[in-house]
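The first residue of the sequence shown is numbered 1, and numbering continues consecutively from there. The basis for the numbers below is simple: all heavy atoms, side chains too, and nothing from hydrogens, waters or symmetry mates.
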Amino acid sequence: MKSVVVQQPERLVIEERPQPQPQAGEVRIRVQHAGICGSDVHIYRGHNPFARYPRTIGHEFFGHIDAVGAGVDAARIGERVVGDPVVSCGCCYPCRVGRPNVCRELQVIGVHRDGGFSEYVTLPAQNAHRVPAEISDDNATMVEPFTIAANICCQLQPASLDVALVYGAGPMGLTTVQALRGVYGVKEIIVADRIDERLAMAHACGADRTVNNEREDLAAILTQAGIQPTLIVDAACHPSILPEAIALASPAARIGIMGFSAEPCTISQQGITSKELTIFSSRLNSNRFPLVIEWMTQKKISPQTLITHQFPYTDVLAAMEVFEKDQKQCCKVLLKF
């Protein structure tokens, strides 16, 4: 089979590899589509601290089950499925309290073990989620990105009274905007980003206001409008954002952090406690695939609006370059296998 392998940082090749055989409790997926994520680029560039090389990358993938291991119902062969990349032990404290995404023995498909940029991939049977016929192949490939938004939203519990501020109009921010608008029906959504074309995408996804915070003073704009956000999502994860979010937030607001930066930031304990703010962090997803599949089935979100480019997997280097460098026009890039 053909697999996209990062042999070492800055060296990506398409290799011929043996076809994997599903072990007990596993299924094998014949991959049809896979999405490029920023973390794939980070592994390629050598900037992901969790990756080990060589590695077949890719954690957003869709296909059909074509083989099963011992203990798995053979009737599953032929199912259209998406793969949850979070592989957990099921026994440690985080797993027992419903947080397998921070399992002590966590393995992420495409990071710690070989992923979905390959003609075939194996994974635990419970990680392969059936996709209803009414969800297209392209949209099915977008389930995993929306689980990231679902995970932070399940912590923040958005509601109709909320005025939301989303930092960042990349894929994480835009999926979150769609969820806030289509699923939770928040009162108002404001999006801040430094690229006008991305802000236009945010409007198309349901944002009410956008602010280019490279040339505009976000704090001054919100103050002049009399807005104190009750819910803030940091989907950009620059160290300057959290201190600003704390200052801008309404009393009793919730702040969600969707990623991380290795750079430190300085925050005021007084600023947090005086408003009794709640700050959540979010990593990957915690069994959110069924929820997102339900959102798609009910047409509460529009994943197709975020798919801007598609390439055959043989053009993966060109696809990665477009994803990395064309931030004005590119949102999600799919590879076809």
Side-chain angles (χ1 to χ4, degrees), residues 1-7 12-37 39-40 43 51-90 100-101 103 105-133 135-145 147 284-285 287-290 292-293 296 310-314 316 319 334-337:
M1 69 173 185
K2 301 294 186 183
S3 299
V4 176
V5 180
V6 180
Q7 295 180 330
L12 183 151
V13 298
I14 297 175
E15 288 185 356
E16 182 69 37
R17 288 191 159 191
Q19 191 177 88
Q21 299 303 314
Q23 302 301 304
E26 291 187 338
V27 299
R28 185 176 68 200
I29 297 175
R30 175 64 173 93
V31 177
Q32 287 185 252
H33 295 79
I36 295 177
C37 174
S39 62
D40 299 314
I43 294 172
R52 298 293 179 268
Y53 302 91
R55 178 64 63 226
T56 300
I57 55 175
H59 60 271
E60 305 171 6
F61 53 90
F62 159 82
H64 291 77
I65 294 176
D66 84 318
V68 299
V72 181
D73 188 351
R76 295 203 65 184
I77 293 175
E79 279 186 13
R80 299 172 70 241
V81 294
V82 287
D84 184 343
V86 176
V87 180
S88 57
C89 73
N101 52 321
C103 169
E105 305 297 327
L106 177 68
Q107 288 190 317
V108 180
I109 295 171
V111 180
H112 305 100
R113 58 186 278 179
D114 285 340
F117 284 10
S118 183
E119 291 181 305
Y120 295 89
V121 62
T122 59
L123 71 166
Q126 67 265 26
N127 285 54
H129 296 269
R130 189 179 68 82
V131 177
I135 298 177
S136 71
D137 294 356
D138 287 356
N139 284 354
T141 313
M142 293 292 293
V143 170
E144 195 281 339
T147 66
L284 303 165
N285 88 95
N287 294 324
R288 308 299 182 193
F289 273 67
V292 171
I293 290 169
M296 286 192 185
Q310 299 199 39
F311 290 81
Y313 78 91
T314 50
V316 61
L334 303 189
L335 299 176
K336 291 187 175 183
F337 285 85

Pair F117-I36, side chain to side chain contact (heavy atoms under 4.5 Å, CB included): steps then yes or no: CA-CA 9 Å; F117 284 10; I36 295 177; 3.9 Å; yes
Aromatic ring pairing Y313/F337, orientation class (parallel under 30°, perpendicular over 60°, tilted between):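 Ring orientation, 0 to 90° scale: parallel.
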Considering non-hydrogen atoms only, spot the tightest contact between [X] and [Y] and give its length.
X    : Y    : value
Q126 : G25  : OE1-O, 4.5 Å
L334 : G35  : CD2-CA, 3.9 Å
L335 : A319 : CD2-CB, 3.7 Å
H64  : G78  : CD2-O, 3.4 Å
N287 : P100 : ND2-CG, 3.8 Å
P132 : I293 : CD-CG2, 3.6 Å

Is there a donor-acceptor pair closer than 3.5 Å between any side-chain N or O of [X] and the backbone N or O of [Y]?
X    : Y    : value
R28  : P20  : yes
R76  : A125 : yes
E15  : S3   : no
Q23  : Q21  : yes
R55  : G110 : no
D40  : I57  : no
N127 : D84  : yes
R80  : R130 : no

Do [X] and [Y] have side-chain heavy atoms sitting under 4.5 Å apart?
X    : Y    : answer
R113 : T122 : yes
Q310 : D138 : yes
V68  : I77  : yes
V6   : L12  : yes
R17  : D114 : yes
V5   : I14  : no

Distance from [X] atom [atom1] to [Y] atom [atom2], nearest 0.5 Å?
X    : Y    : atom1 : atom2 : value
S88  : E105 : OG    : CD    : 10.5 Å
Y53  : I43  : OH    : CD1   : 6.5 Å
I135 : M142 : CD1   : CE    : 12.5 Å
M1   : E16  : CE    : CD    : 8.5 Å
E26  : I65  : CD    : CD1   : 12.0 Å
T147 : H129 : OG1   : NE2   : 9.0 Å

Stepwise side chain to side chain contact (heavy atoms under 4.5 Å, CB included) check, E144 with F62: CA-CA 10 Å; E144 195 281 339; F62 159 82; over 6 Å; no
